> 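Here's a structure for you.
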Amino acid sequence: MPEGHSIHRLARQFSDVFVGERLTVSSPQGRFVEGAALLDGRALESARAHGKQLFLGFEGGLSLHVHLGLYGAWDFGGDSTFRGASSIGAPRRVGEQEIADGGMSDGGTDDGGEAAYAGPPPPVGAVRVRLASEHGWADLRGATVCAVATDPEVEAVLARLGPDPLATAQPSQEPGEEFARRLARRRTPICRLLMDQSVIAGIGNVYRAELLFRARLDPATPGSSLGRERALALWADAVVALGQGLRDGRIVTTDPSFWSFPAGELPLLRDAHYVYRRHGEPCRVCTRTVLLADEAGRKLYWCPGCQAL
DNA sequence: TTTGGATGTAAAC
DNA sequence: TTTACCTCCAAAC
């Protein structure tokens with residue numbers, strides 16, 4: 001699954017390419033026919049993300065609310081003027097980058113620049129929603145939530161979410177302070193609180209493990225025992241880490257000094273993480289064996305040497 | 001060809 | 001705490 005950085009990339013992509021355009025909305029798969037009909041023919045006015053939730057705001061006060069869940073993804077393409085043909089969402093391989101190419105993608109004809117755009121290609125697989133503008137298209141498949149929402153319904157979703165490290169337009173210090181307050185109230189282990197979207201929105205299993213390692217925090221540490229300083233530091237690191245993911249389209253949490261690859265390039269897959277999916281291997285820092293445990297149904301990775309209480 | 005995960009969540013027990 | 005959702009891909013038969 002796409003963690004918060006992917007959803008913010010999606011919001012940016014929709015803003016860049018589709019906001020201001022009148023869209024045709026359909027459901028080739030057939031599971032969203034009624035919702036698609038409500039939105040079909042309206043202009044897209046906004047695209048915003050909070051945590052892992054995506055809201056596409058159409059004229060007339062209706063939004064398309066999407067949560068990709070574990071395996072949802074959006075694919076984009078269009079004619080030669082379309083920017084940002086790509087695939088953003090559930091990666092098929094660990095560490096996969098979310099950009100295919102920067103320009104033309106197969107839109108029907110392929111005999112050079114003079115060919116007229118024939119519209120989106122026939123849908124491949126189970127396309128829940130297809131959005132199409134004059135020059136491009138976006139396909140959604142596999143989402144856990146795909147619904148038409150009114151403004152009050154959008155507000156209700158936002159109201160149950162904690163602060164988002166990638167949210168812009170928030171007062172600089174306040175979101176971190178809010179995160180610290182939410183941690184302070186709970187004796188639940190920090191490894192569980194980081195995955196709780198009402199405590200902090202946008203963290204998933206990769207960032208959870210990696211942020212805990214970077215903070216050298218024992219995953220079992222109760223939220224209430226972190227204290228304000230460590231909570232604010234954890235928030236600040238989340239802002240940095242997710243910010244890099246937003247920029248790169250890939251989760252890379254290791255310091256470049258750990259990359260066995262020329263400077264200036266993103267690291268090889270195996271160099272991108274400290275502990276995520278590295279159980280049984282030696283810790284990059286202390287050489288102790290990285291451990292794996294089942295934590296509330298999700299896999300938790302940590303180093304017992306670096307992350308001691 | 002079948003199986004089993006995967007960067008997730010909510011509903012059912 | 002477990003199951004169901006729902007899609008694709010890679011690894012195991």
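Because the structure is a prediction, the values reported are computed rather than measured. By convention in this document, chain letters (A, B, ...) are assigned in the order of the sequence lines, proteins followed by strands, and residues within each chain are numbered from 1.
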> Take the protein atom CD1 of Ile88(A) and the nucleotide atom P of dC8(C), then report the distance between them rounded to whole Å.
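Interatomic distance, CD1 of Ile88(A) to P of dC8(C): 18 Å.
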
> How long is the line joining CZ of Arg128(A) and P of dC5(C), in whole Å?
13 Å

> At under 4.0 Å, does any side-chain N or O of Lys299(A) touch on OP1 or OP2 of dG5(B)?
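No, because none of the side-chain N or O atoms of Lys299(A) sits under 4.0 Å from OP1 or OP2 of dG5(B).
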
> For the residue pair Arg216(A) and Phe213(A), would you count it as a cation-pi contact if the rule is NZ or CZ under 6.0 angstrom from the ring centre and within 45 degrees of the ring axis?
yes

> When the P atoms of dC5(C) and dC13(B) are compared, how many Å lie between them, rounded to an integer?
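So the two P atoms sit 12 Å from each other.
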
> Does a side-chain N-to-carboxylate-O contact under 4.0 Å join Glu21(A) and Arg42(A)?
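No.
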
> For the pair made of CZ in Arg141(A) and C1' in dC5(C), what is the distance, rounded to whole Å?
18 Å

> Quickly work out the Asp294(A) CG to dT3(C) P distance and round it to whole Å.
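To the nearest whole Å, that distance equals 12 Å.
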
> What pairs with Thr253(A) under side chain to side chain donor-acceptor pair (under 3.5 Å), at least two apart in sequence or on another chain?
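Applying side chain to side chain donor-acceptor pair (under 3.5 Å) to Thr253(A) gives Glu210(A).
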
> It should be established whether His67(A) places a side-chain nitrogen or oxygen under 4.0 Å from OP1 or OP2 of nucleotide dT9(B).
yes

> Rounded to the Å, how far apart are His65(A) NE2 and dG8(B) C1'?
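Roughly 13 Å, once rounded to whole Å.
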
> Can you tell me which nucleotide in dA6(B), dC5(C), dG8(B) comes closest to the side chain of Arg31(A)?
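My answer, after comparing the listed nucleotides, is dC5(C).
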
> Heavy atoms only, 4.0 Å cut-off, all strands: where does Arg298(A) land among base, sugar-phosphate and nothing?
base

> Answer yes or no: is there an ion pair linking Glu134(A) with Arg22(A), defined by an N-O contact shorter than 4.0 Å?
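Salt bridge between Glu134(A) and Arg22(A), a charged N being under 4.0 Å from a carboxylate O: no.
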
> Ile203(A) has an atom CD1; how far is it from atom P of dG8(B), in whole Å?
10 Å

> Between Glu177(A) and Arg181(A), is there a salt bridge with N-O shorter than 4.0 Å?
no

> Could you tell me the separation between the CZ atom of Arg208(A) and the C1' atom of dA6(B), rounded to a whole number of Å?
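It is 14 Å, rounded to the nearest whole Å.
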
> May I ask you to verify if any side-chain N or O of Arg160(A) is less than 4.0 angstrom from the OP1 or OP2 atom of dA10(B)?
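So the side-chain polar atoms of Arg160(A) do come within 4.0 Å of the phosphate oxygens OP1 or OP2 of dA10(B), strictly under.
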
> Determine the contact category for Arg192(A): base if any of its heavy atoms lies under 4.0 Å from a base atom, sugar-phosphate if only primed atoms, P, OP1 or OP2 are that close, otherwise nothing.
nothing

> Separation of His5(A) atom NE2 from dG8(B) atom C1', in whole Å?
14 Å

